[in-house]
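Only one structure is covered here, and it is reproduced in the block below.
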Amino acid sequence: MSFQPLVKVEGLKKYFPVSKGLFRKTHDYIHAVDDVSFSIQPRESLGLVGESGCGKTTTGKLLVRLLTPTAGRIFFRMEEEEAREEGVRLEDGYVDVATLKGRALKNFRRHVQMIFQDPYESMNPRLTIYDIVAEPMAVQGIGSVMEREQRVAEMLQHVGLTPPESFMFRYPHELSGGQRQRVAIARALIINPTFVIADEPTSMLDVSVRTGVMQLMQDLADRFGISYLYITHDLAVARYMCDKIAVMYLGKIVEMAETEELLHHPLHPYTKALLSAVPIPDPTYKREVIEIRGSVSTPINPPSYCRFYNRCPVAKEGLCNVQEHPPLEDKGGGHYVACHLV
Amino acid sequence: MREPVLSVEHLTMHYSTRKGDVHAVDDVSFELHPGEVLGVVGESGSGKSSVAFTLMRLLPENAHIKGGHVWMNGVDLLTLPEDEMRRYRWKRIAMIFQAAMNTLNPVYKVGDQIIEAMETHGVAYGEAARKRVAELFEMVGLDPALMDRYPHEYSGGMRQRAIIAMALSCDPDVLIADEPTTALDVIVQHRILKNLLQLQKRLDMAMIYITHDIAVVAEVSTRIAVMYAGRLVEIGSTEDIFLRPKHRYTEALLQAFPSIHGEKKTLLTIPGELPNLLNPPRGCRFHPRCAFATEICKEREPEYRTFNPGHLAACWHPVGEENA
Ligand SMILES: Nc1ncnc2c1ncn2[C@@H]1O[C@H](COP(=O)(O)OP(=O)(O)OP(=O)(O)O)[C@@H](O)[C@H]1O
Ligand SMILES: Nc1ncnc2c1ncn2[C@@H]1O[C@H](COP(=O)(O)OP(=O)(O)OP(=O)(O)O)[C@@H](O)[C@H]1O
Ligand code: SF4
Ligand code: SF4
Ligand SMILES: [Mg+2]
Ligand SMILES: [Mg+2]
């Protein structure tokens, strides 16, 4: 099956200058996202996992244009007719997200929503839960006041904030951590977007509530054809939510494959270490965690050879620290890996 | 057994809202001993953070402590005047907040904020404080060079680690960690938990570890408390809770946990609506969702029964007593 992808990301880069006191010019850059490419099919869900600080949130924010890329392109597929109505220029059926401005950008946001990692970041503390969840409808001018109220109640019910009336007129600080996360989810899904970037949307939810929310996200995906970029640290969640998983390390995708393939046959040394570190809910079981050397590195002016070299348990001196960072290559059946030794 | 460092008795705390009182914490009792890690698990909104905030006496205006005691060295923290409480907070009892990303001040460098906390509490000053922060940064896997950067330059997980460093900076006797690793990948999480437990043993610190992740709780805790709708429904050693759970909610919680190993199974949930804390169900609060509920569960609140030394549960029809 090969559809036209809904989203195509090509050679995406984001470099942040390092602040170094007032009077020094900055010459150092954090390579937060460094040459990342992937595509997502309609209704497909791509998981993005990786070390804390490797560039996942930055990738998400670039995709919704909250950040401007240093280089690279992001294409989003649109129907001719829709594009004409919304005043957007298409190139082979795609809009170039980087070029959107004003009304076109606002219209783009009707299709694309982001659920933020920190629910506080996206919530105005002075607005009630009702106003927060209804905001995307209000901004896009969708529905009457009555319809909005009904829709908000419905969404709150779906995410387990029951009964909705007891939550609607509270403020964000009057909710528990997991309840705030669910408000963020309700808000992002209320206008049936076609593409949702979900950044750790369920990280504070217990298993049962989380399963309910995951089922909701999947139901909506099936009914309305939503695609997800699903950023998570929880590989069990990724297993249930994602068709494919991409593993990032210091700004680069190092492995990408179908979910079950990746979980059962990881090829990249970082992915192997990551999977071995997943805790098991059994106090009598002692698992073998693959230790990786060194502490977390910061991607400030990284070397041009493999980013994982100084921590890789199987690195080959004279090869891995001499050649360029390995390219992401298909090793068969759509299993992409970036490692010289695979 | 040694004297507990903290002893919580019949703690009850409600929030008032326009729609009525939220029964966030209802008659919760437990003890915490030096050197132990008490894991606290439970549904989202069941009152875990509320217990923690009450122990720290960091409550919003609409919160009302309705009763109970929190004993620490013969002093009831709940009756202490605020200026005396200030001497306990952070030095004796510290907390890693769930909303970590919200607790750093955006206009100050992260390192300076931690140094200031140490200086305020007279733990260390100037260069010595700076050195201590650098050590703590190493411990939580942050490059000490990051001390001189601002919170917005940190990723979510980096901020969370800075908050862990901050909570540890005053060497507290009791550390409450509220979902401290939600933004961390499993490798970094593993390393931090290892370091945290080492430090905890070395300092004989007691810890309350709140998390939704029962796999993490299995690894770090010596004992586990399970909360449901503002009530503590079961408490026991980690082995007791995982291998011999008694309360029906605990049993359901353990069954719902998905794995990355073996065949992909259908995910289980606990059916039914989450409880409404404005008007919690009568009798056992879990009864509307419990497959084992009978008339008595709807009528009378179950009392705690001891199943093993230190293993208590409040359930009329505990696991293993199907016909009772
Ligand atoms: N505004 C910024 N200014 C400078 N550096 C930044 C900024 N935002 C992010 N960074 C840096 O970019 C890198 C990637 O950050 P990002 O937030 O994308 O990581 P992440 O993968 O989402 O991590 P986490 O899992 O911890 O949330 C980090 O090293 C971070 O310090
Ligand atoms: N300031 C407040 N005013 C009114 N209700 C509140 C307030 N803070 C919390 N609540 C309510 O009290 C209950 C307990 O909240 P708490 O934050 O203790 O839950 P929690 O167990 O920590 O949940 P989570 O795992 O989602 O963080 C929730 O139902 C919440 O909606
Ligand atoms: S290229 Fe070399 S250093 Fe990089 S991951 Fe592969 S083996 Fe390790
Ligand atoms: S007391 Fe009754 S309703 Fe409550 S958990 Fe036990 S069996 Fe279920
Ligand atoms: Mg992030
Ligand atoms: Mg909480």
Side-chain angles (χ1 to χ4, degrees), chain A residues 16 18-19 49-53 56-58 117-118 120-121 160-163 165-166 169-170 173-179 182 199-200 203-212 214-215 233 235-237 239-240 260 263 273-275 277-284 289 292 295-298, chain B residues 15 17-19 41-45 49 60 62 98-99 101-102 138 141-143 145-146 149-150 153 155-158 161 178-179 182-190 212-216 218-219 238-239 242-243 252-254 256-261 264 267-270 273-274 276 278:
Chain A
F16 293 107
V18 180
S19 55
V49 305
E51 191 168 58
S52 168
K56 302 178 297 294
T57 299
T58 306
Q117 180 172 17
D118 178 0
Y120 264 119
E121 199 177 337
L161 294 174
T162 51
E165 319 80 76
S166 79
F169 301 104
R170 282 200 223 165
H173 71 267
E174 297 179 323
L175 263 53
S176 79
Q179 289 170 343
R182 285 177 277 155
D199 193 356
E200 303 278 7
S203 65
M204 290 177 202
L205 303 182
D206 60 284
V207 271
S208 168
V209 172
R210 187 175 75 196
T211 302
M214 280 159 55
Q215 280 165 352
H233 285 304
L235 289 144
V237 166
R239 184 177 193 187
Y240 284 91
E260 291 298 305
L263 293 178
L274 192 67
L275 290 173
V278 175
I280 313 266
D282 179 352
T284 57
V289 176
I292 58 176
S295 60
V296 182
S297 346
T298 327
Chain B
Y15 298 103
T17 71
R18 270 166 46 183
K19 299 271 175 183
V41 299
E43 206 157 43
S44 173
S49 301
N62 68 334
Q98 183 172 18
M101 327 196 180
N102 211 32
E138 292 272 6
L142 288 176
D143 183 348
L146 287 163
R149 303 241 291 274
Y150 295 89
E153 297 177 286
S155 77
M158 288 157 73
R161 282 176 274 163
D178 192 356
E179 302 276 11
T182 45
L184 302 179
D185 62 278
V186 286
I187 292 178
V188 171
Q189 170 177 282
H190 178 73
H212 69 281
D213 191 336
I214 58 172
V216 166
E219 290 206 343
T238 303
E239 275 76 20
F242 275 92
L243 307 177
L253 185 71
L254 293 173
F257 203 82
S259 165
I260 62 160
H261 301 284
K264 188 168 161 181
L267 286 181
L268 296 174
T269 59
I270 301 171
E273 269 185 21
L274 304 198
N276 175 6
L278 288 172

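What you see below is based on every heavy atom in this structure, not just the backbone, and it leaves out hydrogens, waters and symmetry mates. First the proteins, then the strands, lettered A, B, ... as listed; each starts at 1.
- Each of A:Val207, A:Asp206, A:Leu205 was scored for a side chain to side chain contact (heavy atoms under 4.5 Å, CB included) with B:Glu43, with one residue passing: A:Asp206.
- With a 4.5 Å cut-off on non-hydrogen atoms, A:Phe16 does not touch chain B at all.
- Atom CG of B:Leu274 is separated from atom OG of A:Ser208 by 7.5 Å, given to the nearest 0.5 angstrom.
- For a residue to count as touching a neighbouring chain, one of its non-hydrogen atoms must lie under 4.5 Å from one of that chain's; by this rule B:Phe257 touches chain A with backbone and side chain alike.
- For chain B, the nearby part of A:Val289 is the side chain; its heavy atoms alone come within less than 4.5 Å.
- Residues B:Gly157 and A:Ser52 share a closest heavy-atom pair of CA-OG, 3.3 Å.
- Here the CD1 atom belonging to B:Ile214 is positioned 10.5 Å from the CG atom belonging to A:Asp282, to the nearest 0.5 angstrom.
- Among all heavy-atom pairs drawn from B:Ala215 and A:Pro279, the shortest one is CB-O, 3.5 Å.
- To the nearest 0.5 Å, atom OG of residue A:Ser203 and atom NE2 of residue B:His212 are 6.5 Å apart.
- B:Ser44 contributes atom OG, which lies 8.5 Å from atom CG of A:Leu175 (distance to the nearest 0.5 angstrom).
- Between A:Met204 and B:Gln98, the shortest heavy-atom contact is SD-NE2, 3.4 Å.
- Here the side chain of A:Thr162 pairs no donor or acceptor atom with the backbone of B:Glu273 at under 3.5 angstrom.
- With a 4.5 angstrom heavy-atom cutoff, A:Thr211 touches chain B via backbone and side-chain atoms both.
- Neither the backbone nor the side chain of B:Ser49 comes within contact range of chain A; no heavy atoms are under 4.5 Å apart.
- With a 4.5 Å cut-off on non-hydrogen atoms, A:Thr284 touches chain B through its side chain but not through its backbone.
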side-chain contact (heavy atoms from CB on, under 4.5 Å) between A:Gln215 and B:Thr269, worked out: CA-CA 10 Å; A:Gln215 280 165 352; B:Thr269 59; 4.1 Å; yes

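- Contact of A:Thr57 with chain B is not made at all, since no heavy-atom distance falls under 4.5 Å.
- No donor-acceptor pair closer than 3.5 Å links the side chain of A:His233 to the backbone N or O of B:Thr182.
- Both the backbone and the side chain of A:Glu165 come within contact range of chain B, each with at least one heavy atom under 4.5 Å from a heavy atom of that chain.
- Highest contact tally toward chain A, considering only B:Glu219, B:Arg18, B:Met158, B:Glu239, is held by B:Glu219 [criterion: heavy-atom pairs under 4.5 Å].
- The contact between A:Glu200 and chain B is made entirely by side chain atoms (from C-beta outward), counting heavy-atom distances below 4.5 Å.
- No part of B:Asp178 comes within reach of chain A, as not one of its non-hydrogen atoms sits under 4.5 angstrom from that chain.
- Only the side chain of B:Leu278 comes within contact range of chain A, with at least one heavy atom under 4.5 Å from a heavy atom of that chain.
- With a 4.5 angstrom heavy-atom cutoff, A:Leu161 does not touch chain B via any of its atoms.
- Inter-residue side-chain proximity for B:Arg149 and A:Val18 is flagged as met; some heavy-atom pair is nearer than 4.5 Å.
- The residue among A:Arg182, A:Met214, A:Lys56 with the most heavy atom pairs within less than 4.5 Å of chain B is A:Arg182.
- Of the atoms belonging to B:Leu253, heavy atoms from both backbone and side chain fall under 4.5 Å from chain A.
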